[in-house]
Protein chains: 2
Amino acid sequence: MPTLQDVARLAGCSTATVSKVLSNTPYVSEETRARVLEAVRQLNYRPNLAGRALSRGRTHIIGVVFPYVYDHIFRDPLVLAIVEGIEQVLTDQGYSILLSTPRMTSEASDPMFEQILRSGYLDGMIAIDSVPESRIAALADTYRVPLVVLGYHDSPYQVHCDDYAGGQLMMNYLLSLGHRRIGIIRIPQAKNIAVDERWRGLCDALHAAGIDPASLPTAEGDYSTRSGAAAAAHLLACDPHLTAIASLNDRMAIGALQTLHALGRAVPDEISVIGYDNLALSEMTTPPLTTVSQHASTLGERSAQMLLQVLHNEQPSIAVIAPTLRERASCAPLRAVDFAASRQS
Amino acid sequence: MPTLQDVARLAGCSTATVSKVLSNTPYVSEETRARVLEAVRQLNYRPNLAGRALSRGRTHIIGVVFPYVYDHIFRDPLVLAIVEGIEQVLTDQGYSILLSTPRMTSEASDPMFEQILRSGYLDGMIAIDSVPESRIAALADTYRVPLVVLGYHDSPYQVHCDDYAGGQLMMNYLLSLGHRRIGIIRIPQAKNIAVDERWRGLCDALHAAGIDPASLPTAEGDYSTRSGAAAAAHLLACDPHLTAIASLNDRMAIGALQTLHALGRAVPDEISVIGYDNLALSEMTTPPLTTVSQHASTLGERSAQMLLQVLHNEQPSIAVIAPTLRERASCAPLRAVDFAASRQS
DNA sequence: GTTGTATAGTTAAGCGTTTAACTAATCTCT
DNA sequence: AGAGATTAGTTAAACGCTTAACTATACAAC
């Protein structure tokens, strides 16, 4: 593997000059520049990153971090889209991505991960995280690693989806279709801020429509499809005349779809279902699921861009990505007959 | 950030001694060792990886590579499970993962990626790749980076699923259920060896049962759900009395499920569907899809273990992971009445 | 009492860059 | 013509670690 030395020798100059040529420092004659470049070409020279990192103190490596707290977040299909977005922006700018899923608890942090931080291997990092307990931000602070958080966190730099608006969005949509007997599949509070925000938005939309959320049947799930299926069954047991089900994420909505199908309830003719996330698989369900899109890859891109800004010593402000409604076939307007029925009761 | 120097100063010895303590080299007195460790503790010292990398020539970073050739393979949900498997094994052994999705063509390779390879940043790499055209192996060879390929490739070290056996498995299962009128959704040949192998296995299973594959209707898809839906429609147009559809991947099988649903054909009562991959979403379809499992996370784990072996100068042989049938609800035995019908025709 | 060996520690070179500080030559003004 | 600025290039230190080569004890063996 050729080194700067080799190039310098071949070009008949010092390593300093070669380095200047390579970093486009001025005050190098055209002639020398050409000789150096030719030598570089001949030897097929590329700088050794470890040497460069040592000398410059920067590695051009960005950590993309999925803290493992309650759950292996890495399993979430959304993650793929996020990483893809990050990857695109970052590699475009010549950065590489170091993937890490440190096991963090509120007391201790993953020693391996801490080692990576300390060792100065990372020029910056992006943490996907909405779990307040995780100590990622503290660690980044301690070791002076620029951090962008993708999620809710009290870090200066963060980007997240406007989950509150998303919650409103899904509920307003259902309301606009005429639904009033709506069952809600939610998630136990205070574990994940994003989901809490959705719930808040959803409740406020109901209030605005003059409906008390407490009057509607709710059931709790744990993100999984299976729990969604169970929750839907529970909801229908509470009120067999439900005309719509709103789920705080897609996987549970898909579970609900399964239950409905098993029970012979036609979706969307008899009952509408709306989810949240817009997973890739949500367009493959029968019927294709109407949902709120988080724009996962945009989230990824945006967080990468933000980190780049931070690295350039700019001070970006929080980015909030607006969710959008992805209308597919699992929701339909309340039919007149049902409408009448719902009036009566 | 404290350095070896600082530790040495505080412990009252030379950096060499500190280094010895830290690398467990013998010939250091218990007393000194203790002093050094105490200094390390006090300063909260961690070695700088760039320095170590430069000096040792090893970085403890493994590249996990998804060559971007025809398609952004990174979109495939299986990828997540694979990466997870790799990640687990590698982080356990103190390695970090550098993620890369170089844009490769048969002529040129991604300059950015080549730079990473040249620069000696990678101790080894795992490439997810079944596309013969990709030049990953050649690159790894050129730059002497130990490589394990996850897929079909002529590299010495590789791990892949036994797709041939998988193809047999799915077809034999259908045959054992009594199906004879089987439509097949395949993929144009020579693009992806894994899929070709499945096809080969499937054909051989048919031959073994005395059926000429050419006598069965086939339709081509392009991996996508949409194409699977179209293919299913095409198959049914060819033979409306089909009792089963076999698809070479899950996404297309799910598309077929959609078409069948739209056409009012009951699955599995009227017609069975089998896929291949066992995607996470395949258990969420209605009905849950019977499929062949690739054991993606095992593939990941196995390839990481293999790379570790290579790094320890062992010479592991190719690992072939056996697929297994994942029976769910989309396949049923041929009903007697259909059986009679199929006999007649 | 010398030789040999095991133990404990140090010195200094080397890994491949970058860059501050320096030299030397050329050019521009007055 | 000489002071000062500009241009072109070099030297050498620095980044933080590892490790071969070396020194200096202490101890055993004959």
Side-chain angles (χ1 to χ4, degrees), chain A residues 1-37 39-40 43-61 94 115-123 143-144, chain B residues 1-37 39-40 43-61 94 115-123 143-144:
Chain A
M1 213 92 307
T3 71
L4 252 202
Q5 284 276 8
D6 301 329
V7 177
R9 225 185 331 264
L10 183 59
C13 64
S14 73
T15 62
T17 304
V18 176
S19 184
K20 278 187 185 165
V21 170
L22 262 31
S23 57
N24 277 314
T25 308
Y27 306 147
V28 177
S29 70
E30 262 320 307
E31 198 191 348
T32 317
R33 170 185 300 298
R35 267 209 331 282
V36 167
L37 290 179
V40 164
L43 296 174
N44 193 12
Y45 166 81
R46 301 292 158 96
N48 174 304
L49 289 186
R52 174 174 285 183
L54 187 55
S55 157
R56 282 219 275 231
R58 287 185 299 111
T59 57
H60 265 226
I61 295 186
Q115 147 85 338
I116 291 178
L117 283 192
R118 293 206 53 108
S119 67
Y121 237 130
L122 264 29
D123 280 1
Y143 299 124
R144 302 279 142 71
Chain B
M1 214 93 303
T3 71
L4 251 203
Q5 284 274 9
D6 301 328
V7 177
R9 221 179 341 257
L10 182 59
C13 65
S14 72
T15 62
T17 304
V18 177
S19 184
K20 276 186 187 166
V21 170
L22 262 31
S23 57
N24 278 314
T25 308
Y27 304 147
V28 176
S29 70
E30 262 320 307
E31 197 193 346
T32 315
R33 169 185 301 302
R35 265 207 334 280
V36 167
L37 290 179
V40 164
L43 296 173
N44 194 10
Y45 166 82
R46 301 292 156 95
N48 173 304
L49 289 186
R52 174 175 285 183
L54 188 55
S55 146
R56 281 220 273 232
R58 287 183 300 110
T59 57
H60 265 225
I61 296 187
Q115 147 84 338
I116 291 177
L117 284 192
R118 293 205 54 110
S119 65
Y121 237 130
L122 264 28
D123 279 2
Y143 300 123
R144 302 278 144 71

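Computed from heavy atoms alone, side chains included, the values below leave out hydrogens, waters and symmetry copies. Proteins come first, then strands; the chains are lettered A, B, ... in the order of their sequence lines, and each starts at number 1.
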message: Would you compute the distance between atom OG of Ser23(B) and atom CZ of Arg56(B) and round it to the nearest 0.5 angstrom?
response: 7.5 Å
- request: Mind checking Arg46(A) for me? I need base, sugar-phosphate or nothing, with any heavy atom below 4.0 Å counting as a touch.
  value: sugar-phosphate
- request: Would you mind reading off the distance between Leu4(A) atom CG and dG14(C) atom C1', rounded to a whole angstrom?
  value: 15 Å
query: Atom CG of Leu49(B) to atom C1' of dT17(C): distance rounded to whole Å?
result: 18 Å
Separation of dT18(C) P from Leu22(A) CG (nearest whole Å): 7 Å
Beyond-backbone contact of Pro47(B) with Leu4(B), side-chain heavy atoms, under 4.5 angstrom: no
OG-CD distance between Ser14(A) and Gln5(A), expressed to the nearest 0.5 angstrom: 9.5 Å
message: Strictly under 4.0 angstrom, non-hydrogen atoms only: write out the protein contact profile of nucleotides 9-15 of chain D, one letter per nucleotide from the 5' end, B, S or -.
response: BBB---B
- request: Quick one: do Ile116(B) and Leu122(B) satisfy side-chain contact (heavy atoms from CB on, under 4.5 Å)? Show the steps, please.
  value: CA-CA 7 Å; Ile116(B) 291 177; Leu122(B) 264 28; 3.8 Å; yes
- request: Go through the steps to decide whether Tyr45(B) and Leu22(B) satisfy the test side-chain contact (heavy atoms from CB on, under 4.5 Å), and finish with yes or no.
  value: CA-CA 11 Å; Tyr45(B) 166 82; Leu22(B) 262 31; 3.6 Å; yes
dT18(C) OP1/OP2 closer than 4.0 Å to side-chain N/O of Ser19(A): yes
field: Length of the CZ-P vector between Arg52(A) and dG16(D), whole Å
entry: 18 Å
task: Please examine the side chains of Leu37(B) and Val21(B), heavy atoms only from C-beta on, and report whether any two atoms are closer than 4.5 Å.
output: yes
Short side-chain N/O contact to dG16(D) OP1/OP2 from Tyr121(A), under 4.0 Å: no
